[in-house]
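Here's the structure, in structure tokens; my notes come after.
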Amino acid sequence: MDSRQAPVVVHSEEPECSFCPSLMRDEWYNRLIADDGCNFAIPSLGSFVAGYLLVIPRAHVTATCNIPDDGKAGFVSFTHDLVTRLRSIYASPVTMFEHAACSAAQSPRSACVSHAHLHLIPGSYDLIAETPNEGIRKYESYQHFIQREAEEPYLMFQDPGSPLITFDDKPAAQFFRRVIARRIGIPDCWDYAA
């Protein structure tokens, strides 16, 4: 491995992972919206916007940019199809974000689950207003972003019609869910577990 490349954590299943397919025992997670054999989409637990989906790779990776190279194009295509469907059903743009866990399992972070999952939410929430003044990285598209690999936790989002932006994780649980709940006037409803 090139010393500049981040190690990729890939397992087919992870003990006690709530998103590894064979371990998904909660009835809520058994409501598949779409499944292509490598990736699946489910309604978000604690959804506070109609149409809110989680897009999840079946392989246990800690961030979507750490999906194995041979699965990245399929994940991008699967996600694009879901965004198109959501736009059509809800006559609305779609916001995308990720709280990526990466390898810092013991550190405070915004990701609550170590299995990669991408949030798709109908609507536009001006997440760019939450970006720090320094340390942001911009990508032309999700397809460009997913080609990288990451070792450290990060936050990633794409407001409708804008470039994709990443920055270092802010150790506040469910960072973007907090922001969106506040933006739509339900600031106490951000926690999916509650």
Side-chain angles (χ1 to χ4, degrees), residues 1-24 29-45 52-86 94-105 107 109-121 127 136-159 162-169 174-177 192:
M1 177 188 303
D2 184 315
S3 63
R4 293 170 293 172
Q5 292 178 326
V8 178
V9 180
V10 180
H11 308 285
S12 58
E13 295 279 327
E14 188 71 24
E16 299 181 29
C17 173
S18 58
F19 284 169
C20 280
S22 71
L23 301 173
M24 293 173 70
Y29 293 127
N30 291 326
R31 298 180 181 160
L32 286 177
I33 299 300
D35 186 346
D36 71 357
C38 296
N39 311 290
F40 59 99
I42 57 175
S44 174
L45 186 61
Y52 186 159
L53 297 179
L54 300 180
V55 185
I56 305 169
R58 286 192 178 278
H60 186 87
V61 292
T62 55
T64 63
C65 65
N66 288 344
I67 292 171
D69 288 342
D70 62 353
K72 288 181 178 186
F75 190 82
V76 169
S77 177
F78 185 72
T79 300
H80 175 69
D81 290 348
L82 288 166
V83 168
T84 300
R85 287 172 55 191
L86 287 171
V94 175
T95 296
M96 172 172 58
F97 68 84
E98 177 183 18
H99 304 116
C102 297
S103 62
S107 302
R109 60 184 189 208
S110 57
C112 295
V113 177
S114 293
H115 190 123
H117 56 288
L118 187 63
H119 300 249
L120 301 180
I121 305 180
L127 296 180
I136 67 168
R137 293 165 297 283
K138 292 184 180 182
Y139 297 85
E140 186 178 317
S141 67
Y142 186 64
Q143 183 174 357
H144 287 97
F145 163 75
I146 202 171
Q147 297 311 314
R148 67 186 285 267
E149 291 179 359
E151 183 175 346
E152 296 302 318
Y154 62 83
L155 294 172
M156 177 277 286
F157 74 93
Q158 187 169 29
D159 283 326
S162 298
L164 184 141
I165 295 175
T166 68
F167 52 95
D168 292 341
D169 194 17
Q174 305 174 58
F175 179 78
F176 288 125
R177 284 182 56 95
Y192 79 90

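Hydrogens, waters and symmetry mates are skipped; everything else that's a heavy atom, side chains included, is used.
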Item to complete: Can you measure from CE (M96) to NE2 (H119) and round to the nearest 0.5 angstrom?
Response: 12.0 Å

Worksheet item: Closest approach of P57 and A116, non-hydrogen atoms and distance?
Response: CD-O, 3.3 Å

Item to complete: Taking the side chain as every heavy atom from C-beta outward, state whether I42 and H117 have any atom pair closer than 4.5 Å.
Response: no

Discussion item. Set out, in order, the CA-CA distance, both residues' side-chain angles and the distance that settles side-chain contact (heavy atoms from CB on, under 4.5 Å) for F175 and F157, then state yes or no.
Written reply: CA-CA 11 Å; F175 179 78; F157 74 93; over 6 Å; no

Worksheet item: Can you name the closest pair of heavy atoms from C65 and K72 and give their distance?
Response: O-NZ, 3.0 Å

Discussion item. As a quick check of understanding, evaluate side-chain contact (heavy atoms from CB on, under 4.5 Å) for H80 and Y142, giving each step before the final call.
Written reply: CA-CA 9 Å; H80 175 69; Y142 186 64; over 6 Å; no

Discussion item. Testing the basics here: between F97 and L118, what is the closest heavy-atom pair and its distance to 0.1 Å?
Written reply: O-CD1, 3.5 Å

Practice prompt. Would you kindly check if the NZ (Lys) or CZ (Arg) of R148 is within the cone defined by 45 degrees around the ring axis of Y139 and under 6.0 Å from the six-membered ring centre?
Written response: no

Discussion item. Which label fits H99 and F176: parallel for a plane angle under 30°, tilted from 30 to 60°, or perpendicular past 60°?
Written reply: parallel

Worksheet item: Looking only at heavy atoms, which two atoms of R85 and I33 are closest? And how far apart?
Response: NH2-O, 4.0 Å

Practice prompt. Output yes when a side-chain donor or acceptor of T79 lies under 3.5 Å from a complementary backbone atom of F75, and no otherwise.
Written response: yes

Practice prompt. Nearest 0.5 Å please: distance from the CZ atom of F167 over to the CG atom of L155.
Written response: 4.5 Å

Response to the item:
Closest heavy-atom pair, D159 versus L127, reported as atoms and distance to 0.1 Å, is OD1-N, 3.0 Å

Worksheet item: Out of curiosity, T95 OG1 to L86 CG, how far, rounded to the nearest 0.5 Å?
Response: 11.0 Å

Fill in: 4.5 Å side-chain heavy-atom contact, D168 and R137
yes

Worksheet, complete the sentence: Looking only at heavy atoms, the pair that brings Q158 and L164 closest together is NE2-N, 3.8 Å

Discussion item. Taking the side chain as everything from C-beta on, heavy atoms only, tell me whether T62 gets closer than 4.5 Å to P153.
Written reply: no

Practice prompt. State, yes or no, whether a side-chain contact exists between C38 and F78 at a heavy-atom distance under 4.5 Å.
Written response: no

Worksheet entry | S141: side-chain hydrogen bond (donor to acceptor under 3.5 Å, both in side chains) partners, not counting sequence neighbours | H144

